[in-house]
Structures are given as structure tokens and as C-alpha cells.
2 protein chains.
Amino acid sequence: MGRRHPGAPTLEEVAARAGVGRGTVSRVVNNAAGVKESTRRAVQRAIAELGYVPNLAARSLAGQRADAVALVMTEPRWRQFAEPFFSEIVHAIGDALAGTGPQLLLTLVRSDAERRRFLEYARGGRVDGVLLMSVHADDPLPDMLAEARLPTVLMGRRSGDERVSYVDADNAGGARSAVAHLLATGRRAIATITGPPDMYVAQCRLRGYREALASAGLDTRPSWVAEGDFTIEGGHRAMTRLLERHPEIDGVLAASDTTAEGALEALRAAGRRVPEDVAVIGFDDFPLAERTAPRLTTVRQPLEDIGRTMVQLLLQEIEEPSVAWRHVILRTELVVRESA
Amino acid sequence: MGRRHPGAPTLEEVAARAGVGRGTVSRVVNNAAGVKESTRRAVQRAIAELGYVPNLAARSLAGQRADAVALVMTEPRWRQFAEPFFSEIVHAIGDALAGTGPQLLLTLVRSDAERRRFLEYARGGRVDGVLLMSVHADDPLPDMLAEARLPTVLMGRRSGDERVSYVDADNAGGARSAVAHLLATGRRAIATITGPPDMYVAQCRLRGYREALASAGLDTRPSWVAEGDFTIEGGHRAMTRLLERHPEIDGVLAASDTTAEGALEALRAAGRRVPEDVAVIGFDDFPLAERTAPRLTTVRQPLEDIGRTMVQLLLQEIEEPSVAWRHVILRTELVVRESA
DNA sequence: GTGAAAGCGCTAACAT
DNA sequence: ATGTTAGCGCTTTCAC
């Protein structure tokens with residue numbers, strides 16, 4: 001492996017050149033107060049002349065901090081990567097970290113080997129904290145990080161009682177308002193296509209659907225619920241099944257915008273007009289919908305807020321390690337795009 | 001900032017517990033040879049009992065290596081992020097780095113501030129090398145890294161005489177073979193839509209187009225060349241212009257698949273049938289084409305090979321720092337999908 | 001305000 | 001085969 005350029009000037013050499021002690025140079029480099037202006041200037045000149053660059057490994061070792069945080073992307077094969085949702089959230093986090101904060105490091109964790117390597121990296125103290133995205137219910141990573149006492153913030157949660165800090169959208173609330181909107185616009189035969197039943201986010205959205213119907217005095221029989229998997233194809237298949245069971249359907253809540261996309265395909269293939277015959281509302285996890293179904297009413301997630309909040313929580317936990325877990329649930333917004 | 005868990009056991013404590021010297025523990029931890037099996041076992045037990053985790057900052061400092069490489073993503077607003085091309089290449093690099101290699105760290109560099117921060121990070125010795133993607137011609141980052149003597153490998157090049165190692169696709173060759181295919185299938189009125197003229201990749205593709213026509217004894221007047229910008233909209237506009245100038249067009253080389261996409265839209269809007277009336281070939285930087293225009297003939301770039309080769313070059317340069325720049329040009333492949 | 005000195009936890013070279 | 005030692009380059013008291 002590559003040795004770092006050996007002749008690189010050290011703090012000591014800078015000190016010698018400037019005719020001061022190492023402590024003083026350190027103070028100047030770190031913008032610490034309590035250095036006479038003339039001294040500071042002299043040191044800065046020495047730094048410039050020598051082309052001095054602080055060795056961060058040494059700084060980490062002495063200072064007990066990494067000045068970096070990791071954003072972990074799980075998923076064996078991140079197609080997500082290719083999804084605007086992902087891009088948005090990463091940029092939001094990057095923005096939130098702009099300015100003075102630590103360096104943001106994105107890391108792929110797609111296999112056990114990669115998980116091990118990352119854990120070694122993180123527990124080795126090379127990051128001060130970890131942000132996790134779209135973690136599966138059975139992913140052990142969050143708990144392993146927590147056990148290593150590394151500040152950790154999840155995006156979304158794996159279950160109802162998550163033992164790690166997280167930021168999540170109000171999925172149940174979003175579903176409720178979507179269904180309420182369908183009801184308000186006169187729909188009565190409302191079905192839903194869910195996400196994978198083992199994902200908490202999917203459970204919440206389904207619950208919201210049921211609650212909304214229940215509070216309108218309508219009951220939900222199982223045959224109005226079809227299982228999808230957050231893909232276009234899954235949405236297509238589920239919609240097809242629903243149409244067979246209930247040709248009278250006039251409203252659909254899709255658990256993601258990809259699902260909505262698939263549902264639309266199936267509806268059109270069956271000759272239904274949208275939204276005249278059937279209104280479809282999807283969660284726009286993936287603002288993809290903006291392109292493919294721009295006129296669809298959607299439940300929007302505040303991606304920017306989610307990213308900003310995650311960073312905020314993480315920095316807090318880094319600053320003052322505590323035994324508490326912080327949870328933030330952000331409101332979703334119903335974006336009405338057609339008059340159904 | 002968060003102090004690393006203070007009570008964390010050190011190598012020394014492990015040594016004490018196992019009743020051996022620190023050197024021995026270090027050897028065991030690093031899987032070095034020359035440790036009696038029984039000793040190794042004892043050390044491993046002590047490690048397990050204490051829950052010892054090596055401090056990587058200390059290792060970096062002593063060992064002069066970071067065991068990490070960065071993959072830098074420039075672009076002020078990475079929409080690219082959302083593009084399959086990007087996803088593919090990242091995964092390819094991740095795969096190539098799997099196994100024993102260093103940790104892969106993706107970093108965003110979207111602004112001057114972020115560039116400075118990353119430079120500090122990289123020059124501070126926290127990575128052993130840097131991979132760069134889609135760098136603009138005027139981006140100073142590669143040169144700054146080179147100046148800092150950090151092993152660096154570019155994907156694509158900024159100009160004909162790049163002073164940094166890079167891996168690139170044979171863009172001119174790809175364009176030549178595409179045009180040759182159009183000619184071979186009887187097309188004669190062949191236009192091209194270029195990318196941004198200040199991008200070297202676009203220049204190469206244009207050159208290939210010209211060379212192919214020239215070697216067929218046809219000459220290329222400027223009016224057959226329209227400037228695009230690698231976007232769908234740009235492709236659309238350029239195609240519209242071309243149709244006005246040369247209604248007799250029967251073949252188009254598009255400098256990207258998004259460009260091809262836009263060209264297709266414009267052709268259809270003008271009532272042309274593809275490929276009956278006009279054949280379109282695009283470079284599929286972004287395998288998007290697989291979805292939107294699955295039946296189009298394309299020039300395919302070997303993304304996996306590019307990723308693998310980049311990693312290979314980088315590891316080589318890390319291993320044996322040299323003054324040479326290594327350049328690899330990978331063959332493209334013409335994927336014929338329709339009988340024009 | 002500034003210098004000196006004591007680590008931070010590890011690797012690697014050198015003894016043994 | 002294993003223990004010992006000398007740094008790696010910085011931050012941070014603690015004197016002055």
C-alpha cells in the first residue's frame with residue numbers, strides 16, 4: 001500500500017521555520033484563540049512556504065475524532081441508486097453538512113463482507129457517526145453500530161419500537177389523508193396496493209388506509225387489499241388482481257409511486273380511464289412520478305427536511321453522546337394534481 | 001465532537017491479558033505469519049473477551065496508509081446520481097474493490113467549499129487514492145490531486161493530453177463503427193447530434209463520425225452536424241433543426257442515449273418512422289435506453305470493464321508510486337437491435 | 001501568549 | 001517465534 005509522501009512537512013518543521021513552538025502552530029492551524037496576530041501571521045507564512053498539510057491520522061489519534069460521518073447505503077444491488085428519491089436525500093444530507101461540518105462519506109454495504117468491512121472501519125473510529133438509509137427489517141447493522149456506541153441515525157424505522165434514533169415520515173397519516181381525499185371526491189370503492197408486508201413502512205401505509213376507511217364508517221375486507229412490492233411490475237400485477245375481484249373499483253391507494261405507475265399501466269390496459277373511472281394516489285418516494293405520471297395526486301415526503309433532520313440529530317448525538325434515542329416523525333403533504 | 005469511547009481496550013491491554021508482547025498481538029490482528037498456533041489462539045481469545053477493535057487512526061499514523069480510496073462525484077447537482085450509468089459504474093467499482101481491498105468512500109464535490117474540504121481530507125492522508133468521474137474540462141481537482149502526489153485515476157479524460165491516469169472508452173471508434181453500420185445498411189444521408197463541444201468525449205465522437213464518412217468517400221458538411229448537450233431536450237431541438245435543413249435524412253448518430261431519445265421524439269413528431277425512414281444510433285452512456293428505446297441499435301460502453309480497470313490502475317499506483325501516467329482505452333461494442 | 005512535554009494506539013525494525 | 005523499542009504527527013494540559 002502507498003506510503004504517504006514521506007518528505008511531507010510536519011507541524012514540527014513549520015514550528016522550526018516560524019521560530020515558534022509546536023503548540024502555537026497547532027493553535028494557528030485550528031484557528032484557536034490566544035495567538036498574537038504577528039505570530040499567527042508568521043506561522044501562516046511558514047505553512048504556505050512549506051506547503052504544510054496537517055496529517056489527519058495524527059489529528060484523529062490525538063484528538064479522538066474523525067471529522068467524518070458515513071452515509072450507508074444498503075441493498076444488495078442498489079437500483080435505488082438510480083432513483084431520484086435517493087439522489088434527493090443524499091443531496092439534502094450533503095447540503096445540511098455543508099459549511100463547517102464533517103466530511104460526508106457514502107459507503108456501499110451490499111454483502112456480508114462489505115458489512116464487516118464497514119463495521120471495522122466505523123468501529124475503528126474513522127467516522128464519528130453513521131446515517132443509514134432504507135434498512136431492511138432484518139438488517140443487523142443498526143444494532144451492531146449501536147452496540148459499538150457509535151452515534152447512529154436511521155432514515156425510516158424497521159419496526160414500531162426501534163432502539164436507534166430515526167427520522168421517518170408520517171406514513172400512516174399520509175395514507176389517511178390520501179384516502180380521505182378519495183372519499184371527499186366521491187370515491188367509495190377504494191382499494192389499496194401495499195408494499196412488502198415485512199416492511200414497517202408498508203404496514204404503516206396499510207394501517208392508514210384502514211383507519212381512514214374505518215373512520216368513514218366503511219369497512220375493509222381483505223379482498224380490497226393487494227400485495228405489491230414497491231416495483232412497477234408488482235403494482236401492475238396487483239392492480240390486475242384487484243380489477244378481477246372488484247371491477248367496480250373507483251379509487252386506489254398505491255404504496256409507492258412505482259406501484260402507482262404499475263397500477264396505471266394495468267388500468268389502462270383494462271380500458272379504464274384515469275382519473276375519470278378510477279383515481280389513483282401514490283406515495284412519491286421516488287419523485288419519478290413527476291415524469292411518468294405528472295398529473296397524479298401524490299403523498300409527498302419532505303425529503304429535504306428528512307435529510308436535514310437526520311444530520312441535525314446525528315451531530316447532536318456526536319456532540320453529547322447520550323443514552324436516549326431521538327425520534328422525529330415528519331408530516332407528509334398531499335399534492336393534489338387533478339380534480340378527480 | 002464525539003470522543004471515541006474512552007474505555008476502549010487497546011492492543012496493549014490485549015497483550016497483557018494474553019500474556020504476550022504487543023508485537024505478537026499486532027501480528028495476530030494483521031494475520032501476519034510467524035506466530036505459533038497456540039499463541040495465536042490465546043491472543044484471539046483475549047481479543048474476543050475484551051472486545052478489542054483496532055484503532056484505525058493509530059494504524060494509519062504508524063502504517064502510513066489509510067486503507068481507503070475515494071470515488072469523487074463532481075457535478076453541482078448530481079442528477080447523474082439518478083442515472084443508471086452512474087449506478088452501474090459505482091457498483092462495478094465496488095465489486096472490483098470487494099474481497100481484500102480498501103474501503104470505498106464515495107464523496108460529493110459540488111461546490112468550491114466541498115472541493116476544498118475533500119482536498120484537505122485526501123491530502124491529509126485519509127485515503128490512499130482517488131477515482132474521479134465525469135470531470136469537466138475546467139475542473140482543477142485532478143491536477144490538484146496530482147500535485148499532492150495522490151494516486152489518481154480519471155474516468156474519461158478532459159482533453160487529448162491528460163496528465164493523469166485515466167480509463168476511457170474508445171469513443172471515436174464507437175462512432176466510426178456506428179456510422180459504418182448505417183452505411184452498410186444502405187443509409188447515405190447521415191447526420192449527427194453532438195454533445196457539448198467543450199467536452200472531449202463529444203469531440204471524439206464527432207471525429208469518429210467524420211472519419212467514418214470520410215473513409216467511405218463521403219464528405220461532411222457542417223449543416224449535417226447539430227449541437228446537442230447530452231439531454232433529451234437538446235436532442236429533440238437538434239433533431240428538429242436537422243430535419244428542417246435536410247428532410248432527406250435517413251440516418252442519425254446521437255452522441256448519447258438521452259440525445260437519441262430526444263431525437264426519436266422529434267422524428268416521431270415529424271411523422272418519420274424509425275427505423276424505416278430514419279435509423280438512429282446512440283451511445284448508451286446511460287443504459288436508460290434499455291427501457292425507453294429498447295429496440296434501438298446502440299454503441300455500448302463496457303461499464304464493468306471500465307470500473308474494474310480503474311480500480312486496477314489505482315491499486316497499482318498506490319502499490320508502486322510512479323511518475324508515469326497510465327491510460328487505458330476500452331473497446332466499445334455495437335449492439336445491433338433492429339434490422340434497419 | 002507561548003513553549004515544553006506527555007501521551008493518543010499502533011506498526012515495524014531490531015533484538016533475542 | 002516473540003518481546004522490546006522507537007517512532008508516526010498531532011492535540012492538549014501545564015508551566016512559564
Side-chain angles (χ1 to χ4, degrees), chain A residues 1-43 46-47 50-67 120-121 123-126, chain B residues 1-44 46-47 50-67 120-121 123-126 128:
Chain A
M1 280 294 169
R3 313 208 146 4
R4 184 146 175 273
H5 200 55
T10 69
L11 195 156
E12 176 133 33
E13 300 178 63
V14 173
R17 172 148 197 148
V20 302
R22 321 181 343 181
T24 304
V25 178
S26 178
R27 276 166 215 135
V28 171
V29 169
N30 293 291
N31 282 316
V35 179
K36 214 194 315 174
E37 195 47 34
S38 61
T39 316
R40 178 182 300 274
R41 204 104 56 190
V43 171
I47 288 177
L50 261 40
Y52 167 73
V53 178
N55 178 322
L56 297 188
R59 177 177 288 172
S60 279
L61 182 56
Q64 311 274 72
R65 86 190 28 131
D67 282 322
E120 190 183 326
Y121 189 82
R123 303 209 307 165
R126 311 231 22 177
Chain B
M1 280 296 168
R3 318 217 142 357
R4 183 146 176 274
H5 201 55
T10 71
L11 196 158
E12 177 134 29
E13 300 179 64
V14 173
R17 172 145 197 151
V20 302
R22 317 181 347 177
T24 303
V25 177
S26 179
R27 277 167 214 134
V28 171
V29 169
N30 294 290
N31 281 315
V35 179
K36 214 195 312 176
E37 194 48 35
S38 59
T39 316
R40 177 181 301 273
R41 203 104 56 190
V43 171
Q44 280 164 339
I47 289 177
L50 261 41
Y52 167 73
V53 178
N55 178 323
L56 297 188
R59 178 178 288 172
S60 279
L61 182 55
Q64 311 273 75
R65 87 189 29 128
D67 281 323
E120 190 184 325
Y121 189 82
R123 303 209 307 165
R126 311 230 21 177
D128 296 317

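Naming: A, B, ... by sequence-line order, numbering from 1 per chain.
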By nearest nucleotide on DNA chain D, pick out whichever of B/G34 and A/A62 is the more 5' one.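 That would be B/G34.
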Length of the [atom1]-[atom2] vector between [X] and [N], whole Å:
| X | N | atom1 | atom2 | value |
| --- | --- | --- | --- | --- |
| A/E37 | C/dG1 | CD | P | 12 Å |
| B/L56 | D/dG9 | CG | C1' | 17 Å |
| A/Q64 | D/dG9 | CD | P | 19 Å |
| A/D67 | C/dC8 | CG | P | 20 Å |
| B/R65 | C/dA12 | CZ | C1' | 10 Å |
| B/R17 | D/dG3 | CZ | C1' | 21 Å |
| B/L61 | D/dC8 | CG | P | 9 Å |
| B/E12 | C/dG7 | CD | P | 12 Å |

Taking the side chain from B/D128 and the backbone from B/A66, do they hold a donor-acceptor pair closer than 3.5 Å?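 Side chain of B/D128 to backbone of B/A66, a donor-acceptor pair under 3.5 Å: yes, one is there.
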Closest to side chain of [X], choosing from [options]:
| X | options | answer |
| --- | --- | --- |
| A/A58 | C/dC8, D/dA1, D/dC10 | D/dC10 |
| B/R27 | C/dA13, D/dC10, C/dG9 | C/dA13 |
| B/R59 | C/dT11, C/dA6, C/dC8 | C/dT11 |
| A/P54 | C/dG9, D/dG3, D/dC10 | D/dC10 |
| A/S26 | C/dC10, C/dC8, D/dT11 | D/dT11 |

Please tell me if B/T24 has a side-chain N or O lying less than 4.0 Å from either OP1 or OP2 of D/dG3.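 Indeed, a polar side-chain atom of B/T24 lies that close.
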Think A/N30 has a side-chain N or O under 4.0 angstrom from the OP1 or OP2 of D/dT11?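 So the side-chain polar atoms of A/N30 do come within 4.0 Å of the phosphate oxygens OP1 or OP2 of D/dT11, strictly under.
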Could you tell me whether A/V20 contacts a base, only the sugar-phosphate backbone, or nothing, with contacts defined as non-hydrogen atoms closer than 4.0 Å?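 Sugar-phosphate, no base atom in range.
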Identify whether any heavy atom of B/T39 sits under 4.0 Å from a base atom; if not, whether one sits that close to sugar-phosphate; answer base, sugar-phosphate or nothing.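 Result for B/T39 = sugar-phosphate.
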Here's a test for you: under side chain to side chain contact (heavy atoms under 4.5 Å, CB included), which of A/V14, A/V43, A/L11, A/I47 qualifies with A/V29?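 Among the candidates, only A/I47 passes.
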Hey, does the side-chain of B/R22 have a donor or acceptor N/O within less than 3.5 Å of a partner on the base of C/dT11?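 Check passes, donor-acceptor contact within cut-off.
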Please determine whether a side-chain nitrogen of the Lys or Arg among B/R41 and B/E37 lies less than 4.0 Å from a carboxylate oxygen of the Asp or Glu.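 Result for this pair is yes, salt bridge flagged.
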A side-chain contact here means heavy atoms from C-beta on lying under 4.5 Å apart; do B/R27 and B/V20 qualify?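 The answer is no; the side chains never approach within 4.5 Å.
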Would you mind reporting whether A/V35 and A/T24 have side-chain heavy atoms less than 4.5 Å apart?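 Counting from C-beta outward, A/T24 and A/V35 do come under 4.5 Å.
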